Asks: 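Let me begin by handing over the structure; questions about it come next.
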Amino acid sequence: MEDIDIPSFFLCPISLDIMKDPVTVSTGITYDRTSIEKWLYTSKKNTCPVTKQLISEPNSETIITPNHTLCRLIQSWCILNAIDRIPTPKPPVDKAQISKLLCQAASAPPHLQLKCLQTVRSIASENESNKRCFESAGGLQFLTSIIVSSLTDRDSSDECSKCGDEALNILWNLQISEAGLRRLALAHNGQFLTSLIKILQSGSYDSRAYALFLLKSIYEVVDRVQLINMSHGIFIELVQILHDQVSPKTTKSALQLLALVAPWGRNKVKLVEAGAVRVLIDILLNTADKCIPEMVLISLDTLCGCAEGRSELLAHAAGLAIVSKKIMRVSHEASERAVRILRWVSRYSATPAVVQEMLHIGVVAKLCLVMQMENRGKTKEKAMEILKMHGREWRNAACIPATLAAFYPV
């Protein structure tokens, strides 16, 4: 196909690839279904890529209209040019079809219900329009009820558990809208969130990952009150997920969720009580991923904002040393967060023993190096502030290199 002159109106304006399933949006521009749905639903844009005009009803599944005329032209062109014919795209499902399928699944025994769920997953995976249609037809309520019942019914069989796992898989892959995520936070009077915590505690590796991804998506859109009133069990299981290192993606999601919820209310203290500081330090000591240390230091910075967090950091034999070691080795953001952590300790928890430890393990020398090498203002200012706090104890220390002594503040 590369050597054939393809008519420009057969190409998708976004990707410049030949359209396989042409659809028209409300502004009159035609795109390939996969490209425009990714633009609207995955990237969450609400404008036409070509005209920049606002697309009406961005959350509706009816904003995309199949362009059957152009589809037939493309098929004819492929035949005339002896090119493998593009398969005729499947039409999106409508609410009536989804509702019928949900009714069948709700009344079916577990082994048949599992087959219905597998059919639902197949339909939803075809395109973004099917996902939006499934959500608007009440699919979220149906899936959450299966998950809750699979965990609360004492007489549930292995097939019921499989149904719960399948429903959780579908729920995550639906890429739910913000409004849908807010409904999930309140689903079944909060029992759905409790069910996700149970899955984190005792589910399979895949189920724990999906539960964590859903929790992260939900807490990204809920209001502050719900962030402040989070269950203590979430923090325990979040720390356990970090400890277990289920997968790199799961670890990153757990760190993002921790950084999201830690600043609110007494969440810092709850996380410290759940063992977050020790686990975060252990991750710093053992990780080879370049992205992880920065995320860990962001969370440690937040947790060290409370006395309990600083106490746990100092109680870990490698706490101060590993934080200091990451300065100027990961990124500017990581260096700034590490210096902030040292400032928390220096300002509020600097007993004589801690001040001497900072000297002996090389923290002071590292801060002097920051004074010498760091060009940006904030990190350098924080390092100077720490050095000035304890200048009397540190100024004449033999461990400070002579090349750095000139940068030590008077």
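Throughout, numbering of the chain's residues begins at 1 and tracks the sequence. These numbers come from the heavy atoms of this one structure, side chains and all, not from hydrogens, waters or symmetry mates. What you see is a predicted model; the values in this text were computed from it and never measured.
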Asks: Work out which heavy atom in K268 is nearest to a heavy atom in C306; give both atom names and the distance.
Replies: CB-SG, 4.1 Å
Asks: Pick from V148, L184, I170: which one makes a side chain to side chain contact (heavy atoms under 4.5 Å, CB included) with L143?
Replies: I170
Asks: Taking side chain to side chain donor-acceptor pair (under 3.5 Å) as the cut-off, I'd like each qualifying pair that reaches into residues 103-113, sequence neighbours left out, listed once.
Replies: none
Asks: For a salt bridge (Lys or Arg N to Asp or Glu O under 4.0 Å) check, start with the C-alpha distance between E166 and K162, then their side-chain angles and the critical distance, and finish with the verdict.
Replies: CA-CA 6 Å; E166 184 69 22; K162 291 179 181 178; over 6 Å; no
Asks: Go through it in stages, so that I can follow the logic: the residues are I281 and V296, the test is side chain to side chain contact (heavy atoms under 4.5 Å, CB included), and I'd like the CA-CA distance, side-chain angles, deciding distance and then a yes or no.
Replies: CA-CA 8 Å; I281 294 172; V296 170; over 6 Å; no
Asks: Taking only residues two or more places apart in sequence or in another chain, which ones pass salt bridge (charged side-chain N to carboxylate O under 4.0 Å, His left out) with K252?
Replies: D289
Asks: Do H332 and T379 have side chains that approach each other closer than 4.5 Å (heavy atoms only, starting at C-beta)?
Replies: yes
Asks: Would you check if L284 and I292 make a side-chain contact, meaning some heavy-atom pair closer than 4.5 Å?
Replies: no
Asks: Under 6.0 Å from the ring centre and within 45 degrees of the ring axis: does the NZ or CZ of K95 meet both conditions for the six-membered ring of F134?
Replies: no
Asks: Using a 4.5 Å cut-off on heavy atoms from C-beta on, say whether the side chain of S217 contacts that of I176.
Replies: no
Asks: With a cut-off of 3.5 Å and sequence neighbours excluded, list every side-chain donor-acceptor pair involving residues 190-203.
Replies:
unit_1 : atom_1 : unit_2 : atom_2 : d
T194   : OG1    : G190   : O      : 3.3
S195   : OG     : Q191   : O      : 2.9
S202   : OG     : K198   : O      : 3.1

Asks: May I have the list of side-chain donor-acceptor pairs in residues 47-54 shorter than 3.5 Å, sequence neighbours left out?
Replies:
unit_1 : atom_1 : unit_2 : atom_2 : d
T51    : OG1    : Q53    : N      : 3.2
T51    : OG1    : Q53    : OE1    : 3.4
K52    : NZ     : P49    : O      : 3.0

Asks: D244: what forms a salt bridge (charged side-chain N to carboxylate O under 4.0 Å, His left out) with it, not counting sequence neighbours?
Replies: R208
Asks: Distance-only check: which donor-acceptor pairs under 3.5 Å involve side-chain atoms of residues 336-344, not counting sequence neighbours?
Replies:
unit_1 : atom_1 : unit_2 : atom_2 : d
R337   : NE     : E333   : OE2    : 2.9
R337   : NH1    : D301   : OD2    : 2.7
R340   : NE     : D301   : OD1    : 3.4
R340   : NE     : D301   : OD2    : 2.6
R340   : NH2    : D301   : OD2    : 3.2
R343   : NH1    : E385   : OE1    : 3.3
W344   : NE1    : D301   : O      : 3.3
W344   : NE1    : D301   : OD1    : 2.8

Asks: Does a sphere of radius 6.0 Å around NZ in K38 hold more than 12 heavy atoms from other residues, nucleotides or ligands, not counting ones at 6.0 Å or beyond?
Replies: no
Asks: So which pairs with a foot in residues 179-193 pass salt bridge (charged side-chain N to carboxylate O under 4.0 Å, His left out), sequence neighbours left out?
Replies: E135-R183, E178-R182
Asks: Tell me whether R33 contacts the main-chain N or O of D21 through its side chain, where contact means a donor paired with an acceptor under 3.5 Å.
Replies: no
Asks: Distance-only, no hydrogens or angles: does the T287 side chain make a donor-acceptor pair with backbone N or O of I283 under 3.5 Å?
Replies: no
Asks: Could you tell me if T65 and T24 have a donor-acceptor pair between their side chains, going purely by distance under 3.5 Å?
Replies: no
Asks: E159 vs L114, test: side chain to side chain contact (heavy atoms under 4.5 Å, CB included). Steps then yes/no.
Replies: CA-CA 8 Å; E159 290 174 338; L114 182 59; over 6 Å; no
Asks: If you compare all heavy atoms of A383 against all heavy atoms of V370, which two are closest, and at what distance to 0.1 Å?
Replies: CB-CG1, 3.9 Å
Asks: So, S145 side chain and Q141 main chain: donor-acceptor pair closer than 3.5 Å or not?
Replies: yes
Asks: For R266, give me all partners under salt bridge (charged side-chain N to carboxylate O under 4.0 Å, His left out), at least two apart in sequence or on another chain.
Replies: none
Asks: Is it true that E381 and K378 have a side-chain N and a carboxylate O under 4.0 angstrom from each other?
Replies: no
Asks: Would you say the side-chain atoms of S299 and T302 include a donor-acceptor pair closer than 3.5 Å?
Replies: no
Asks: Would you confirm whether W172, through its side chain, and A167, through its main-chain N or O, come within 3.5 Å as a donor-acceptor pair?
Replies: no
Asks: Please walk me through it: do L181 and V222 pass side chain to side chain contact (heavy atoms under 4.5 Å, CB included)?
Replies: CA-CA 8 Å; L181 289 170; V222 298; over 6 Å; no
Asks: Test your reading of the model: is there a side-chain donor-acceptor pair from N229 to the backbone of V225, 3.5 Å cut-off?
Replies: yes
Asks: Could you walk me through whether T251 and V246 satisfy the side chain to side chain contact (heavy atoms under 4.5 Å, CB included) test, starting with their C-alpha distance in whole Å, then the side-chain angles of each, then the deciding distance to 0.1 Å, before giving a yes or no?
Replies: CA-CA 7 Å; T251 298; V246 175; over 6 Å; no
Asks: Are any non-hydrogen side-chain atoms of W394 and V355 less than 4.5 angstrom apart?
Replies: yes
Asks: Would you please name every residue forming a side chain to side chain contact (heavy atoms under 4.5 Å, CB included) with T34, sequence neighbours left out?
Replies: D32
Asks: Sequence neighbours left out, what pairs pass ring-ring contact (aromatic ring centres under 6.0 Å, His included) with at least one residue falling in residues 230-249?
Replies: none
Asks: Could you pull out the closest heavy-atom pair between T30 and P22, with the gap in Å?
Replies: CG2-CB, 3.8 Å
Asks: Could you tell me whether the side chain of N130 and the main chain of E126 form a donor-acceptor pair under 3.5 Å?
Replies: no
Asks: Sequence neighbours left out, what passes salt bridge (charged side-chain N to carboxylate O under 4.0 Å, His left out) with E273? Give chain and number order.
Replies: none
Asks: May I ask you to decide if Q226's main-chain N or O and D223's side chain share a donor-acceptor pair within less than 3.5 Å?
Replies: yes
Asks: Less than 4.5 Å apart, any side-chain heavy atom of I234 and any of V261?
Replies: no
Asks: Under a 4.5 Å cut-off applied to non-hydrogen side-chain atoms, are D165 and I147 in contact?
Replies: no
Asks: Which pair of non-hydrogen atoms, one from A262 and one from L303, has the smallest distance, and what is that distance?
Replies: CB-CD2, 4.4 Å
Asks: Counting only N and O atoms by type, is there a donor-acceptor contact under 3.5 Å from the side chain of E312 to the main-chain atoms of G309?
Replies: no
Asks: Less than 4.5 Å apart, any side-chain heavy atom of D206 and any of L168?
Replies: no
Asks: Hey, is the main chain of L242 close enough, under 3.5 Å, to the side chain of Q245 for a donor-acceptor pair?
Replies: yes
Asks: State, with a plain yes or no, whether a side-chain heavy atom of Q97 is found less than 4.5 Å away from one of D94.
Replies: yes
Asks: Side-chain polar contacts of residues 318-330 - donor-acceptor pairs under 3.5 angstrom, sequence neighbours left out - could you list them?
Replies:
none

Asks: Mark yes or no for whether N286, through its side chain, and D282, through its backbone, hold a donor-acceptor pair below 3.5 Å.
Replies: yes
